[in-house]
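Here is the structure we will look at.
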Amino acid sequence: EGEPRAKSVTIHTLGKQTYDLVVDLDSSSVSRKILRQVRGNKKVGRYPSFLKRIQHSFLYDLQVPKLSDQHIVKAYE
């Protein structure tokens, strides 16, 4: 009790609460649309190129490089 934990939310509850950390593992056009609705103190995303990093710098507080074009699970095995 009182310890941090991951929390599942629905699209309807996203804007009603402020989250400490929001991590966008996909960083796709669809996930960015959803992320715009989320209030978070820190937002983390991934970028495939330097240009994309610049384009989406307004949305994320921190960006990490995508290691490849593979699926997220396979990219970090």
Side-chain angles (χ1 to χ4, degrees):
E1 191 173 317
E3 293 189 28
R5 65 190 192 299
K7 183 177 184 178
S8 264
V9 296
T10 66
I11 193 77
H12 303 293
T13 61
L14 287 176
K16 296 181 180 179
Q17 184 174 347
T18 301
Y19 299 94
D20 293 328
L21 178 65
V22 179
V23 179
D24 182 1
L25 294 175
D26 193 27
S27 297
S28 66
S29 58
V30 173
S31 68
R32 285 190 300 273
K33 286 179 186 177
I34 295 169
L35 192 68
R36 286 184 186 100
Q37 299 176 36
V38 178
R39 294 184 308 188
N41 293 329
K42 294 284 182 191
K43 294 181 181 181
V44 179
R46 302 185 320 148
Y47 65 91
S49 68
F50 184 71
L51 179 61
K52 293 292 184 185
R53 183 179 185 182
I54 294 169
Q55 286 177 333
H56 303 299
S57 62
F58 70 94
L59 186 58
Y60 300 109
D61 296 299
L62 175 66
Q63 294 184 65
V64 295
K66 284 187 178 181
L67 296 181
S68 68
D69 291 333
Q70 295 180 6
H71 188 277
I72 180 75
V73 174
K74 292 182 180 179
Y76 291 92
E77 287 183 321

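Nothing fancy with the numbering, it's 1 onward along the sequence.
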Heavy-atom pair with the smallest gap, counting every atom of Arg39 and Gln17: NH2-N, 3.3 Å
Any donor-acceptor pair under 3.5 Å from Arg46 side chain to Val64 backbone: no
Single-linkage hydrophobic cluster, 4.5 Å side-chain cutoff, Ile34 and Phe58 together: yes
Validation row: Lys42, Val22 side chains within 4.5 angstrom (heavy atoms): no
Gln63 (side chain) donor-acceptor with Arg53 (main chain) under 3.5 angstrom: yes
Rounded distance (nearest 0.5 Å) linking atom CZ of Arg32 with atom CD of Gln55: 8.5 Å
Hydrophobic cluster (4.5 angstrom, side-chain heavy atoms) - remaining members for Leu51: none
Under 3.5 Å: donor-acceptor pair, side chain of Asp26, backbone of Ser31: no
Approximate separation, where rounding is to 0.5 Å, of Ser29 OG and His56 NE2: 8.5 Å
Side chains of Asn41 and Tyr19 in contact at under 4.5 Å (non-hydrogen atoms): no
Closest approach of Ser57 to Ile54 (non-hydrogen atoms, all atoms of both residues): OG-O, 3.0 Å
Connected-component partners of Tyr47 among ILVMFWY, side-chain separation under 4.5 Å: none
Identified side chain to side chain contact (heavy atoms under 4.5 Å, CB included) counterpart of Tyr60 within the set Val23, Leu35, Val44: Leu35
